Each structure stands twice: as structure tokens, then as C-alpha cells.
2 protein chains.
Amino acid sequence: MSVEGSLKSPAGADPGLDTRARLIEAAGEVFAEVGFKQATVRDICAKAGANIAAVNYHFRDKETLYAETIAHAHRYSVEHYPMDGGLPPTAKVEQRLEAFVRTFLAKILDPNRPSWHGLVMSREMQEPTLSLDTIVETGVRPNFHYLCDLVRELGPHLNPVEVEGSAASVIGQILHYFHCRRIIARLYRGRTDGFPYDLDLLTGHITAFSLAAIRGLEQQSRHRAENTR
Amino acid sequence: MSVEGSLKSPAGADPGLDTRARLIEAAGEVFAEVGFKQATVRDICAKAGANIAAVNYHFRDKETLYAETIAHAHRYSVEHYPMDGGLPPTAKVEQRLEAFVRTFLAKILDPNRPSWHGLVMSREMQEPTLSLDTIVETGVRPNFHYLCDLVRELGPHLNPVEVEGSAASVIGQILHYFHCRRIIARLYRGRTDGFPYDLDLLTGHITAFSLAAIRGLEQQSRHRAENTR
DNA sequence: GAGGGATTCAAACTTTCGTTTGAATCAAAC
DNA sequence: GTTTGATTCAAACGAAAGTTTGAATCCCTC
């Protein structure tokens, strides 16, 4: 009946995957786009080319499907987007910071599918649903610690609040382009340079901004230490 | 019947306000907390101590109630949280940046009610619902322009991408503490210093971080200009 | 090719939620 | 005191969405 494509595979579903895999793939896109609550299993099943009852058969319910999707995204994330960006630990700390920023941004902004793996995690950050503790401990905290180590290496004299605050500042800058993407799209509408969406440009700016900030704070800390000596 | 409180005013509703005002007040809290779609009029009416039909009577429907709530929040915001923080335009630019950061943070983090006025706007940023263009043009863009002016004043040699990128970096740092507040609460659980929630501490860090960053970028820009002369 | 487990399907069930309705209540005017 | 308009109320309606069901279909094994 349909003019193009095979008979059984509906819009956007990879026919090479079995139903269970197609469901997770479709669920990832939908959950990433609208969050857990607003996603409908009818929509997910339609995207996956599966019957509505499939989610009950292959997973128990919507919540379990979500949990499996998050788990899948997390595995994919650590495998394809290592936070050191593939650099050896001996690489210069500036390079490792840039790699961290670039990897994080790519995970979130990459318009190529499957790009939802980072998105669902970001979604989860703003609208935690279930097993938040697990996600924090296995997903967020290691990233945060790694970044704190980088900051400490760049600014050995910073106090703990400055270190953790700077790490939060870096992450905040990155996630901003995800959380406020719709507003940003309006704000920058009509630009000719690809500013808010050019990965290299964005990586360069956030890295340079953060490096300059941390070095400046470090310098102030050293001054303070010398004056109170 | 009830042991405490008056007979007619239910949980958390200010009996001094009429039903319409109580509805907006309750709606503001609920919308700020969970967003438009996930908010239920039943919940809002219960918080306001009003009948379920009240939202249909005083407003036409949930969407109109939301629009009025956003409008109310915006009016309240420009009135009570001026982005210059009440400083005269002659104040030093560093002070004006600090005032901008502090005002923005207060608008979002202030645990005192009514603090939802800034929250609904932030919510709207991540989940635009209606009249997004109006919100961007009247609420977001003026803020963004003001901040860009501050950045330009601090770094006259920065190119447009650096200016707008830096402004986005400042806003991203601030909003991070709203968007990821639930994750942050887990991440910092058990801290003794009030780090992520102390307005002075947070203002100080974000201001210092951003100032150092912009100054560093400005210095690099000057070097670049001198070397290519 | 018959049996049997796995999978898919259309349909219905149940809950939640926005909305509507028509009666009841209140308050001010006459 | 009655009238009239505004407001509040309990109840129900209808659509949307998660879940369940039992039959139909597919596919592998013997």
C-alpha cells in the first residue's frame, strides 16, 4: 500500500533490529525529546513499528522500558563517549579539559542519530524519575570527580568550594545548550555563523572561558596566600 | 472540624486573597515545580482552596491560567528583580555584573515564597509552551542584551562570538543550579558548608569565575591584536 | 506437516485529567 | 424581603493514555 519503503517497517524504524531493540531505540528518542511522563507508549510503539502491547510483552510496563532505556544509554555513553575523549592520562591537562568539554557537548548536541543517548541522561537530570541514586553514583559522580581533578590540576591553590564550584560552572555552561536549546534557537534565529550549534566553536569557547577563569582564580588564590603569609 | 487554622482556608492558601489571586498563586508554585503539562488543575485548585470548576470560571481553561500566571510572574519579576540590581548605571561594571548574577540567582533559588516567579520563567525556558516569542522578546532578550553590554564593557576587544558566548556562559552557570537542582542535591548531600545553596557564596563564585574568564579572554584578544598588527 | 512456544495483533478495560453542567449559595440593590 | 447577578459546589462527561486480554500468527523442532 505504501508508496515507498517496505511493507512492514513504519516511519523511522530500523528493520534490522528485533522488536525489543527497536522499542528501546524509539523510546530513547521520545524520552529524550519530551521526558518520561509526557512520552506515550502509543507514540513509542508507532515509532518502533510495534503493537501497543509490545511494551507490556517485552518489558513489563512503561517504567521498566524507561529504566532499560536509561541503562542502555548509559552503557552506550561510557563506551562511545569516554570522558577523557580517548586521550592518555599523560596528555596535557588543557587538552584533557578540551576533550572533556567536546565529548560532553557531542554527547548532547550531535544531531546525528543515535544522539539520544546523552539526551536521556540530561533529561533525567532535570526531571529525575527513578533510580536517581544509581544514576548519580554511576553516571554523574564519576564525571564530576574527573572534572574536579582536572580543575585541581589547573588550580592547585583553589579551595574545595572553588574547585567544585568551577566544575559546576563548566558543566553548567555545557548543559545550558541542551536545557535552553529551544530558547536559544529563538534568540539566535537568523544568524549566519553557526554559533550556537558549531561543535568546534562551542568547544573552543567553553574551554577557553573555563581555562581563563580557573587560571584567574588560581592567580588570585596565590596572591592571597602570599599576602597572608 | 479542623483542629488548626480557620474553617475555610485549606493548606497553604492565603485567605486574604480572592479566589482568582489564590489560583494564580497556587498555579505559580505548581507550574514552577512540575511544568505546564504535568501540573493538574485538581492539584492547583486544592492548593488554592478552590473548587475544580474555579479555573474554568475565573480563567477559561488551564492554558489561559498558565498564560496569566506567566504574565503575572513576568510583571513581578521586572518589578522586584531589576537586572541592574538597583545599582545606578554609573556603578562599576564589576559591581553591576555581581548585581546581575545575584539578582538572577535570587530570583531562582530564593527558598522564600513567593519565589516561583523566577521559576516559572526558567521552566518555560526548558519547556516552552505558548507565546514563546513574546517571552523571548520581552523577558529573555533584554536580559541577554544587558549582559552582553556588561561583557563588552569588561572585554572591549572580544569579538561578537566571544561576547555572546560569554554571556551564555554566565547564564548557563546560573541556571545550572535550577535545572539540575535535584541532581545537585544528591551530589552534595551531606555537606556541612551550605555550598550549593548559599546565595552569597554562589554569587561570589559565579561572579569571580566569570570575571576572571572574561578578563583572560580580553587579554588573549589584545595579544592577538598586537601580534597580527 | 503437526505441535508448541514465542510473538504480534486488535480490542477493551481502567485511571487520570481537563472541561462542562446545573443547582446551590452568597451579596448587594431595591 | 425579594430579586438579581456573581460565585461556588458536587457531579458527571469525554478524551487520552497505561495496561490487560485472548485470539491470531509466525517460526522452529521433531
Side-chain angles (χ1 to χ4, degrees), chain A residues 1-2 6-70 123 127 129-130, chain B residues 1-2 6-31 33-70 127 129-130:
Chain A
M1 226 58 93
S2 83
S6 72
L7 280 161
K8 301 210 66 178
S9 73
D14 184 348
L17 277 51
D18 62 1
T19 302
R20 191 190 149 89
R22 289 205 316 277
L23 276 176
I24 286 194
E25 204 66 26
E29 292 176 32
V30 177
F31 283 140
E33 183 60 26
V34 301
F36 173 74
K37 198 67 177 295
Q38 293 195 50
T40 73
V41 309
R42 279 173 170 81
D43 187 18
I44 292 170
C45 288
K47 258 198 164 63
N51 187 273
I52 313 163
V55 49
N56 172 272
Y57 178 77
H58 289 281
F59 309 87
R60 191 172 59 253
D61 49 19
K62 181 185 177 185
E63 200 164 308
T64 310
L65 168 61
Y66 182 73
E68 301 260 338
T69 305
I70 290 281
R123 255 284 167 192
E127 187 188 317
T129 321
L130 41 87
Chain B
M1 228 60 91
S2 83
S6 73
L7 279 160
K8 300 208 67 179
S9 72
D14 183 347
L17 277 51
D18 63 358
T19 303
R20 191 191 149 89
R22 289 205 317 276
L23 276 175
I24 286 196
E25 204 66 26
E29 292 175 31
V30 176
F31 284 139
E33 183 60 25
V34 302
F36 173 74
K37 199 67 177 292
Q38 294 194 49
T40 73
V41 308
R42 280 173 170 80
D43 188 17
I44 292 171
C45 289
K47 258 197 164 63
N51 187 272
I52 313 163
V55 49
N56 173 272
Y57 179 76
H58 289 280
F59 310 87
R60 192 172 59 254
D61 49 18
K62 180 185 177 184
E63 201 164 307
T64 310
L65 168 60
Y66 182 74
E68 301 261 337
T69 305
I70 290 281
E127 186 189 319
T129 321
L130 41 88

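As the structure is a computational prediction, the values presented were derived from the model and not from experiment. Numbers restart at 1 for each chain; the letters A, B, ... are given by sequence-line order, proteins then strands.
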Q: Using whole Å, what does the distance between atom P of nucleotide D:dC9 and atom CG of B:L23 come to?
A: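 One finds 11 Å between P of D:dC9 and CG of B:L23, rounded.
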Q: Between C:dG18 atom P and B:F59 atom CZ, what is the distance in whole Å?
A: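 So the CZ-P distance, B:F59 to C:dG18, works out to 15 Å.
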Q: Evaluate A:I24 against A:F59 for side-chain contact (heavy atoms from CB on, under 4.5 Å), listing each step before the verdict.
A: CA-CA 10 Å; A:I24 286 194; A:F59 309 87; 3.6 Å; yes
Q: Where the side chain of B:T19 is concerned, which of C:dG18, D:dT8, C:dT8 is the nearest nucleotide?
A: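 When the side chain of B:T19 is considered, D:dT8 is the closest of C:dG18, D:dT8, C:dT8.
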Q: Once you round to the nearest 0.5 Å, how far does CD of A:E29 lie from OG1 of A:T69?
A: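 Result: 11.0 Å between the selected atoms.
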Q: Distance check needed: D:dA17 P versus B:Q38 CD, whole Å only.
A: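 Value for this atom pair: 13 Å.
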Q: Of the nucleotides D:dG18, D:dT21, C:dG18, which one has an atom closest to the side chain of A:N56?
A: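 Comparing D:dG18, D:dT21, C:dG18 against the side chain of A:N56, the answer is D:dT21.
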Q: Go through C:dT7, C:dT19, D:dT19 for me and flag the one nearest to the A:Y57 side chain.
A: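 The answer is C:dT7.
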Q: Please report, rounded to the nearest Å, how far the P atom of D:dT21 is from the CG atom of A:D61.
A: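 About 14 Å, once rounded to whole Å.
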Q: Any side-chain N or O of A:N51 under 4.0 Å from OP1/OP2 of C:dA10?
A: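 Indeed, a polar side-chain atom of A:N51 lies that close.
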Q: Under 4.0 Å between a side-chain N/O of A:H58 and OP1 or OP2 of C:dT8, yes or no?
A: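 Checking A:H58 against C:dT8: at least one side-chain N or O falls below 4.0 Å of OP1 or OP2.
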Q: Quick one: A:L65 CG to D:dT19 C1', roughly how many Å, whole number?
A: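 Distance check: A:L65 CG to D:dT19 C1' gives 14 Å.
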Q: Give, for atom CD1 of A:I44 and atom CD of A:E25, the distance between the pair rounded to the nearest 0.5 Å.
A: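 It comes to 12.5 Å.
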Q: Can you tell if the side chain of B:N51 reaches within under 4.5 Å of the side chain of B:C45, non-hydrogen atoms only?
A: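 Result no, sub-4.5 Å side-chain heavy-atom pair not found.
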Q: Nearest-Å distance, CZ (B:R42) to C1' (C:dT19)?
A: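 From B:R42 CZ to C:dT19 C1': 9 Å.
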Q: Whether A:E68 and A:R20 form a salt bridge (side-chain N of Lys/Arg under 4.0 Å from carboxylate O of Asp/Glu) is what I want to check.
A: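 Yes, A:R20 and A:E68 are salt-bridged.
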Q: Once you build an axis from the first five pairs and another from the last five of the helix from C:dG1-D:dC30 to C:dC30-D:dG1, how far apart in angle are they, to 10 degrees?
A: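 One end's axis against the other's: 10°.
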Q: If you pin B:A54 and A:R60 to their nearest nucleotides in DNA chain D, which one's is more 5'?
A: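 Result of the comparison: B:A54.
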Q: From C:dT19, D:dT19, D:dG18, pick the nucleotide closest to the side chain of B:K62?
A: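 Among C:dT19, D:dT19, D:dG18, the one nearest the side chain of B:K62 is C:dT19.
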Q: Think A:K62 forms a cation-pi with A:F36, using NZ or CZ under 6.0 Å from the six-ring centre and within 45 degrees of its axis?
A: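 That pair qualifies as a cation-pi contact.
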Q: Can you tell me how far apart CG (A:L65) and CZ (A:F31) are? Round to the nearest 0.5 Å.
A: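 Between atom CG of A:L65 and atom CZ of A:F31 there are 5.0 Å.
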Q: What nucleotide, of C:dT21, D:dT20, D:dA12, holds the atom closest to the side chain of B:A53?
A: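 The answer is C:dT21.
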Q: Please state how far atom NZ in B:K37 lies from atom C1' in C:dC17, giving the value in whole angstrom units.
A: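 Roughly 11 Å, once rounded to whole Å.
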Q: Nearest whole Å is fine: how far is C:dT7 C1' from A:R20 CZ?
A: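 After rounding, the reported distance stands at 14 Å.
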